[in-house]
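Below is one structure, written out as structure tokens, with a few remarks after it.
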Amino acid sequence: MQLTNKTDQYVAFKVKTTNPKKYCVRPNAGIVLPGSTCNVTVTMQAQKESPLDMRCKDKFVLQSVVAEHGAMSKDITPKMVHSLLIPFD
């Protein structure tokens, strides 16, 4: 997926899933600079067997928050995105 920051501020993001062992998300967190984009790749790991009902109940959430000017990926802390926590069903 491609994240686009249409603002003039730095934006921190984090991608979460209900099944982190099943998916590889790269990068799973980062900073999108003002007026720029960031590509995020989600890859499903090979599965040994199919779900019995052939339905996938996995969910993803993308959290974002305005970050300080000049922030870098290493500056993202759990506290930054804590207020954005969205519980999974």
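- Heavy-atom minimum distance, Val42 versus Met1: CG2-CE, 4.3 Å.
- A heavy-atom distance below 4.5 Å is not found between the side chains of Val25 and Thr43.
- For Pro27, the side-chain contact (heavy atoms from CB on, under 4.5 Å) partners at least two apart in sequence or on another chain are Phe13, Cys38, Val40.
- For residues 28-41, the pairs satisfying side-chain hydrogen bond (donor to acceptor under 3.5 Å, both in side chains) are Gln2-Asn39, with sequence neighbours left out.
- Legend: salt bridge (charged side-chain N to carboxylate O under 4.0 Å, His left out) pairs involving residues 20-41, not counting sequence neighbours, sorted by first then second residue: Lys22-Asp58.
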Below 3.5 Å, can you tabulate the donor-acceptor pairs from side chains in residues 5-12 to any protein atom, sequence neighbours excluded?
from, atom 1, to, atom 2, distance (Å)
Asn5, OD1, Thr7, N, 2.9
Asn5, OD1, Thr7, OG1, 2.6
Asn5, ND2, Gln9, O, 2.7
Asn5, ND2, Val32, O, 3.0
Asn5, ND2, Leu33, O, 3.3
Thr7, OG1, Gln9, N, 3.1
Thr7, OG1, Gln9, O, 3.3

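- When all heavy atoms of Gln45 and Gln47 are compared, the pair lying nearest together is O-NE2, 2.8 Å.
- Contacts classified as ring-ring contact (aromatic ring centres under 6.0 Å, His included) and involving residues 14-58 (residues at least two apart or in different chains) are given here: Tyr23-Phe60.
- Of all the heavy atoms in Ile76 and Gly30, the pair that sits closest is CD1-O, 3.1 Å.
- Using a 4.5 Å cut-off between side-chain heavy atoms of Ile, Leu, Val, Met, Phe, Trp and Tyr, with links allowed through other members, Met72 and Val66 fall into different hydrophobic clusters.
- The salt bridge (charged side-chain N to carboxylate O under 4.0 Å, His left out) analysis of residues 60-75, with sequence neighbours excluded, yields no pairs.
- Here the closest heavy-atom approach between residue Ala29 and residue Ser73 is recorded as O-OG, 4.4 Å.
- Looking at Gln63, its side chain never comes within 3.5 Å of a backbone N or O of Val61 through a donor-acceptor pair.
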